[in-house]
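Only one structure is covered here, and it is reproduced in the block below.
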Amino acid sequence: MTPLPSPRLLVSVRDPAEAEAALLAGADLIDAKDPERGALGALDPSTVAEIMARLADANVETSAVADSGESLAAMARSGARWVKHGVGRAIWHDGAALARLAAPVPGRVIAVLFAEDEPRADLVPLLAEAGFAGAMIDTAGKAGVRLPDLLAPPELRAFVAACRASGLLCGLAGSLRITDIPALSAAAPDYLGFRGGLCRGFDRTNGIDPLRVAEAVRALRPQAQDAA
Ligand SMILES: O=C[C@H](O)COP(=O)(O)O
């Protein structure tokens, strides 16, 4: 059986300087998000455009958080490859509502589900059918409760497997620490998403610490260290 690839590193940033620092430290995907506005706070589209301009010549994936239907299109225009939007439990089984959320930016919207809502694998085909390009589990609370505290490994593995079976990009995030990487890598998501665990003092409203980003990269790609 072909081994699944190691997850890549998503780092959420709030400005061009953090974006460049995360890129230089080895991040695989730069995600534009406002940490001052909760778990899924959108930055001003002009700031997102500045971030994307700073990354224009880099070989890196990009995403931006949108917090409304209108901002979905604005974030897409900013140049981000993917646009992330929260999908609340209330519409999980409302196909029309899901499709409306994915429609403004066809093939580029990532559904973000909160672990506190206990998303299950059987939700994933509904997201694919509605037109989402991917699905990510994150935590709504950012006071220290981490994704592994809320969803057990079998649930995470089932969610990731469902994303693969439905052809959706898949990410896991939620107050993660670098020490969570080995266990979460076993679920083989496309991305593991970080902010707080890579910030100074583990405070997501502080700045990104490039040394922690580099440490997360090493933890994700230990074989690359061995080969070096
Ligand atoms: O999308 C990624 C996560 O929201 C990163 O934020 P966090 O590590 O502070 O939970």
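Small disclaimer: the values here were computed from a predicted structure and weren't measured. Every number for a ligand or one of its atoms is a count from 1 in the order of the listing. We number each residue from 1, following the sequence as shown.
Counting the atoms of ligand 1 from 1 in the order shown, those under 4.0 Å from a heavy atom of S12 are 1 (O), 2 (C), 5 (C). Those atoms of ligand 1 that come under 4.0 Å of a heavy atom in G196, given as number and element, are 7 (P), 8 (O), 9 (O). For ligand 1 and K33, the ligand atoms under 4.0 Å from any heavy atom of the residue are 1 (O), 2 (C), 3 (C), 4 (O). Taking every non-hydrogen atom of A173 and a distance limit under 4.0 Å, the qualifying atoms of ligand 1 come out as 2 (C), 3 (C). Remark: ligand 1 atoms within the under-4.0 Å shell around heavy atoms of S175 are 7 (P), 8 (O), 10 (O). In summary, the atoms of ligand 1 found under 4.0 Å from a heavy atom of G174, numbered by their order in the structure, are 10 (O). If you number the atoms of ligand 1 from 1 as listed, the ones under 4.0 Å from a heavy atom of K142 come out as 4 (O), 6 (O), 7 (P), 10 (O). Proximity to K84 (heavy-atom distance under 4.0 Å) selects the following atoms of ligand 1: 1 (O).
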Q.
If you apply the rule side chain to side chain contact (heavy atoms under 4.5 Å, CB included), what do you find for W92 with D117, and how did you get there?
A. CA-CA 11 Å; W92 283 0; D117 290 339; 3.6 Å; yes
(Q) Using salt bridge (charged side-chain N to carboxylate O under 4.0 Å, His left out), reason through R221 and D28 one step at a time and then give a plain yes or no. (A) CA-CA 12 Å; R221 295 195 271 273; D28 300 297; 3.0 Å; yes
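Here's the thing with R204: one of its N/O atoms is less than 3.5 angstrom from an N/O atom of ligand 1.
Using a cut-off of 4.0 Å between Lys/Arg side-chain N and Asp/Glu carboxylate O, R195 and E18 are scored as salt-bridged. D67 and K84 are not joined by a salt bridge, as no carboxylate oxygen comes within less than 4.0 angstrom of a charged side-chain nitrogen.
Geometrically, R177 engages F202 in a cation-pi contact, judged by NZ or CZ lying under 6.0 Å from the ring centre and within 45° of the ring axis.
Of the protein's non-hydrogen atoms, the one nearest atom 8 (O) of ligand 1 is R195 N, 2.8 Å.
The nearest pair of heavy atoms linking T139 to V145 is CG2-O, 4.1 Å.
Hydrophobic clustering, with ILVMFWY side chains joined whenever heavy atoms are under 4.5 angstrom apart, keeps L29 apart from V13.
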